[in-house]
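See structure below.
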Amino acid sequence: MTKTTIPVHLDINGHHHELQLEPRVTLLDALRERLGLTGTKKGCDHGQCGACTVHIDGERVLACLTLAAQAEGRAITTIEGLAREGELHPVQAAFLEQDAFQCGYCTSGQIMSAVACIREGHAGSDEEIREYMAGNLCRCGAYPHIVAAVRQAAQEFAA
Amino acid sequence: MRDFDYIRPASIPDAIAAAAEPGSAYLAGGTNLLDLMKGGVTSPQRIVDISRLPELNRIERLEDGGLRIGALVRNADLAHDAAFAKAYPMVAEALLSGASAQLRNAATVGGNLLQRTRCSYFYDTASACNKRVSGAGCAALGGENRLHAVLGWSDACIATHPSDFCVPLVALDAVVEIEGKQGRRHVTLAEFHLLPGETPQRENALEPGDLIVAVRLPAEAASFAANARYLKVRERTSYAFALVSAAAALVVDGGKIRAARLALGGVAAKPWRARAAEAMLLGADANEATFASAADAALADASPSGDNAFKIELARRIVVRALTSAQAGTPERLPALPASPFSNIPGARHDA
Amino acid sequence: MTLELGLNQQPAHLRQGSSIGQPLTRRDGFLKVTGAARYAADNHPPGMLYAVLAVSSIARGRVASLDIEAAKAHKGVVEVMTPRNRPALAMDPDAKDHPFMFRLDLLQNDEVRYPNQSIAVVIAETLEAATEGAVLLSPRYEELPARVGLDDAESFVPRGVGVGNPAVQHKGDVEAGLKSARTRIEATYETPAQYHNAMEPHAIVAAWDGDRLSIDTPSQGLAMAQGRIAGLFGIAPQNIHIRSPFLGGGFGSKGMISGPQVLGVLAARLVGRPVKLVLRREQMYGPVGHRAPTRQTLRMGMDGQGRLTAIDHHAKTASSTFDDFFEPAADASHTLYASPAIATSHEAVRLDTGTPLFMRAPGEATGSIALESAIDEAAHACGMDPLEFRLRNYAEVEPMTGKPFSSKALRECYSQAAKAFGWASRPLQPRLMRDADGFLTGWGVGTATFPALMFQAEARAVLRADGSGLMETGAQDMGQGAWTAFAQIAADGLGLDIDQVDFRAGSSDLPNAGIAGGSGHTATAGMAIHNAGAAVVAKLADLATENKASPLFGAGNEGVVARGGRLYRRDDENRSESYAEILTRAGLTEVEGRGKGAPDPASQETYAKHAHGAVFAEVKVDPDFGQIRVTRMVGAFAAGRVINPRLVRSQYYGGMIWGVSFALHEEAVTDRRSGRIQNANLAEYHVPVNADVPSVEALLVHEDDPHINALGIKGVGEIGVTGTAGAVANAVWHATGVRPRRFPIRIEDLLA
């Protein structure tokens, strides 16, 4: 049984992309394999690790459990769209300064999650940061430094 | 993942017509369905994407004092709705104890009711599972089953329902509003999920094409706001399914229990309303002895389905703790670790 | 003249400390926080196809049929590779020319020897088509009963354990020691199978051009991978170019090239186009190694003063049915505690699993949690504080060999960490501490240790007439910070500011940097870099000191010191000359030097070489539910010279969090009938999440080691796991009075 492809219009980091996709293509695979936006990582492909965290309409979601078609017409932000004109986003800068990563593979997802975590108002205490960042696994064990980076960036935003 | 036809209906009737075809599935948040499709556990030929249907993402107060929650309201939006969290704090706490912030931003109210079990044999398509293939057998029986059901299970299936949200909902007499080919009908959440019996493949009261459009909470549900708690024992501090959980809500007056609600999660194929325990609580003194008796009543019919006898004792204890916490009063601020036994450290108000 | 440099000799004219020791941020950090760091699966050469593995769902038997037609009929599927059409190899994948050549499953036949073994590869125009094509193969099997548990097969004594250590060793008379003891303990501990689960699944992008091969794949050992692939395909190693600039974690699972990676190369060969193959998460539970389960029994005897009279440590473990790797768990008892009699022994069974391999602190982690638990039990049996007991049995020389330690600042680790933790106020008896909220609170200690290993590495250094320098070595950064730490060593070695150094690594066309493993990469490749720097500076010094026009003329090679891009006369620092001036006058655009890193055989004979540490942990346990949370950890570690404290602290944290995971979370749950792992995912194979990790402190204890190598470097990558796992287990005992004997500690074990 041959199914047809469908046109999907994606708005990513302020750029418009017209794609012709099989409906089964996830947003994650569309980003990585069709659009060359490989900063968003695939760690588990089942919504269990957080490495593929992106923003849709400003909110953090998992690109592996989102069909590209579901994201049609919505504003998608990936790690590539976070820095403005070469200036690191404060969360990116804080991750760098606090050594909040080691291998770096979960980092895009951690940072996208952290930006949203702060925006949601869930970075009020270390304990709250730990809970609201719990959806992003880090096998290297950078958690203490991730908490420090989120705390630092949150304080910068509050200042 | 098998390829499929993708349909984005413009209205509820269009959606129902499209989904009535065999092999169809509704797609809302996708957090469970896409996972199952990737694993080959389910392979719909047609996906009916209802995520943009108008009218299903509203939270409405009803004239009778009840609340109507649209099926597409996202878990995070509901939990962070200040009025909702104030009136139904244990529901908000349950929502926030489930999954992760990212998943809660996608998962919907309707989808949460339809979550499939986390039984590993259900996911493992090389194993026998009566849910996946009726009559195939149950590999979980005699397998790795320390996380499986202790209430309401049968020799055909010992899986549990994984939802946190549904546990306080069933305690509060939530009603599921369903639209189908024959029009709209209401089914209590207690009757919505089915125990496995001989037909574990049949998990709920939905007929082909049926669409959950809303979940309703009756007016009385808000009367427990001051004394309600959801607690969840997990094997990680967060981002883990419940080993056992409990939702407890009380109305206490002069030391006497005037109304009581109790439900358990992680113990059965459905969110488990403990009515016998509620009956015992009603009119009794609100104290530890009463709570212990209620816990015994709640688990009176429990039996291990495998290496999980400990879950019965654990469930007893969590019932006592949840009731004790409820009696002590709903926390003024939502804990930083929602529903965790380690939730003593207060966090920011979720409704601020 | 050119200075003759011994491998580990301290060259007189290099000055460390300009860059070494500085807490620089990661040089690869900008790329990583912007998503621009290119990992293997991020590559997409023109014309690339996608390959997806079909894997076995049985543990043992043979593949009876595959529906190749159905897979090929799926739109987009280009080819299906099976044993029938897999391109020929120059070498049998089951050949084992040396102990570290591990057998690979490369579709050599239809036999299945573990679940998740590759049985076919589907190659398609899209990832979706390849994935679905693999499903459509609908394999059918002839299945044989699986052997799953440590009691499911006949046990034997392996010929060697770990990297070839004897399976059975002893010194003194353990039975006599036990007999003479005032107090004795005996306990058995079980540890489960664990899977590395690096966040980055194994991935490869392979492209053939004739008999030349271009590969992007994560590798902890580029030269080994290159050699292995060259052997399999019968081509020259230099025809293979492997790029591995960033590994998304390795932990041992990317040390040896794995079967699925080679299948990606074979798939590219078959279709004549570049191919990308990425393991699905569930496929990582089998073909890429794991930590084998163990059952360990420890017997200890103590005299009236709490001194050990004997340690007997026996470990039962498992390897696969077709290859040999035996977790050397009992060897953990060789190095930590003084005892007149020590016996260690191993036995093993063969199970229908993938071959276990090195996983962060192999042997040390499994052995440590059992040993540290048993030591705690022994202390309790003697009525002693567990820290005092450890100090009473402090090993002044390596217990098993009697060799002196090259350095050992463990006493300082104990005292600094104990002080920071507040250990002194700990009650001796368990279940006595409750916090304000009623949680049972417990404190535990564990001793950390890991051998300070060195392997073989080479580096090439260049100084240029523009005043800049280049350092090249095929080092691998799997998150430990190689890009940064090696650049720091290079800067000091070249006598340059770090910004003047072009450091190249992560590619197989660079000098062989050896393996990033065994906590030995920084020491080994670091010494190669250091020596290459010394060699090129020596050449430069020759140019200057032999030329009358130079202010350094006549100073002699050792009479100058390099710093900040200039050579200075040691006896008169007012006389100096820049590198650029020296090279320009000599009419050279650059000079080159090469260096090696390797262990010094003489000091290997003389000294026992280990890093040490002490970890203190606090846990809280819900008294009714048994749910555990680690709330506080303090570790202090002495591992020689610290190249970059910012990175080293991250390594210690990571190791300590692995220790928490070992004690409380990780376990592969296998169905006893099918042999399939039931939690082959990241939802139910629990690794700690952020909320599981409390405040962590890692103290860097100063330690000078004049014997280990010229830089004084030990290693920091694995030691954090050891000690911590035991400290957490011991804290759980102290909180609850229940002694954990199987790991991870389960809630039901604490429901008293």
Side-chain angles (χ1 to χ4, degrees), chain B residues 1-3 35 37-40 43 99-100 103 118-128 139-140 142-147 162 231-241 243-244 307-321 324 336-338 340-345, chain C residues 56-58 74-76 115 128-129 131-132 135-136 139 141 280 282 435-439 620-631 661 664-665 667 669-674 676-684 686-694 744-751:
Chain B
M1 196 190 297
R2 191 159 101 179
D3 209 357
D35 180 32
M37 288 167 69
K38 287 179 183 193
S43 299
S100 68
L103 289 163
R118 286 302 301 184
C119 172
S120 67
Y121 298 95
F122 171 69
Y123 267 83
D124 174 12
T125 55
S127 283
E144 294 298 317
N145 49 25
R146 62 181 279 275
L147 306 175
L231 280 177
K232 175 179 178 184
V233 174
R234 284 165 272 196
E235 297 191 305
R236 286 199 287 218
T237 305
S238 186
Y239 206 12
F241 292 95
L243 210 52
V244 180
D307 299 327
N308 57 358
F310 76 97
K311 284 182 69 171
I312 300 172
E313 178 57 22
L314 188 61
R316 268 195 200 98
R317 295 181 185 190
I318 200 165
V319 164
V320 172
R321 178 80 64 84
T324 308
L337 301 176
S340 168
F342 297 104
S343 61
N344 53 312
I345 303 153
Chain C
S56 162
S57 63
I58 65 164
H74 191 70
K75 189 182 170 193
E128 292 76 18
T131 305
E132 183 60 12
V135 174
L136 291 169
Y141 304 96
R280 300 172 56 76
E282 58 271 26
D435 73 3
D437 298 296
F439 291 107
K620 303 222 167 159
V621 181
D622 186 291
D624 300 322
F625 306 153
Q627 191 171 325
I628 305 165
R629 195 161 188 233
V630 179
T631 46
S661 193
L664 302 183
H665 297 297
E667 175 181 24
V669 176
T670 305
D671 183 90
R672 285 159 283 189
R673 301 154 304 181
S674 71
R676 279 193 297 280
I677 296 172
Q678 292 299 309
N679 59 344
N681 60 56
L682 287 174
E684 275 99 3
H686 283 171
V687 299
V689 299
N690 205 322
D692 288 306
V693 178
I745 302 169
R746 297 180 183 91
I747 277 173
E748 57 262 45
D749 296 337
L750 302 181
L751 287 181

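All values below come from the heavy atoms of this structure, side chains included, with hydrogens, waters and symmetry mates left out. Note on naming: letters A, B, ... go to the chains in the order of the sequence lines (proteins, then strands), and numbering restarts at 1 for each one.
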Pick whichever of C:His665, C:Lys620, C:Arg672 has the most heavy-atom pairs under 4.5 Å with chain B.
C:Arg672
Which atom names give the shortest non-hydrogen contact between C:Pro744 and C:Glu667, and what distance separates them?
CD-CB, 3.5 Å
Let me know if B:Leu147 has heavy atoms under 4.5 Å from chain C in its side chain, its backbone, both or neither.
neither
Using a 4.5 angstrom heavy-atom cutoff, name the option from B:Gly39, B:Gly40, B:Gly143 with the most pairs to chain C.
B:Gly143
Does any heavy atom of chain B fall under 4.5 Å from the side chain of C:Leu682, the backbone, both, or neither of them?
backbone
Measure distances from C:Thr670 to the heavy atoms of chain B and classify the residue's part below 4.5 Å as side chain, backbone, both or neither.
backbone
Can you say whether C:Val689 sits under 4.5 Å from chain B via the side chain, the backbone, both, or neither, judging by heavy atoms?
both
Contact leader toward chain B among C:Val687, C:Asn690, C:Val693, where contacts are heavy-atom pairs under 4.5 Å
C:Val687
Heavy-atom pairs under 4.5 Å with chain C, option from B:Glu313, B:Lys38, B:Arg118 with the top count:
B:Arg118
B:Ser100 meets the side-chain contact (heavy atoms from CB on, under 4.5 Å) criterion, sequence neighbours left out, with B:Gln102, B:Leu103, B:Tyr239
Let's test your reading of the structure: which of B:Arg234, B:Arg236, B:Glu144, B:Lys311 forms the most heavy-atom pairs below 4.5 Å with chain C?
B:Arg236
Which pair of heavy atoms, one from B:Ser343 and one from B:Leu337, lies closest together, and at what distance?
CB-O, 3.1 Å
Please look at B:Arg146 and chain C and tell me whether the side chain, the backbone, both or neither of the residue comes under 4.5 angstrom of a heavy atom of that chain.
side chain
For C:Asn679, which atoms come within 4.5 Å of any heavy atom of chain B: side chain, backbone, both, or neither?
neither
Kindly give the heavy-atom pair with the smallest separation between B:Phe310 and B:Leu243, and that separation in Å.
CE1-CD2, 4.1 Å
For B:Ala139, is it the side chain, the backbone, both, or neither that has a heavy atom closer than 4.5 Å to a heavy atom of chain C?
both
What residues form a side-chain contact (heavy atoms from CB on, under 4.5 Å) with B:Thr125, not counting sequence neighbours?
B:Val41, B:Arg132
Within the distance-only criterion (no hydrogens, no angle test), does the side chain of C:Arg676 pair as donor or acceptor with the backbone N or O of C:Asp671 below 3.5 angstrom?
no
Within the 3.5 Å criterion, strictly below it, is a donor on B:Asn145 or B:Tyr121 matched to an acceptor on the partner's side chain?
no
Do the side-chain N and O atoms of C:Thr131 and C:Arg280 include a donor-acceptor pair separated by under 3.5 angstrom?
no
Chain B heavy atoms under 4.5 Å from C:Ile628: which part of the residue, side chain, backbone, both or neither?
backbone
Under 4.0 Å between a side-chain nitrogen and a carboxylate oxygen: does that hold for B:Asp3 and C:Lys75?
no
Which answer fits C:Glu282, side chain, backbone, both or neither, if we ask what part of it has an atom under 4.5 Å from a heavy atom of chain B?
neither
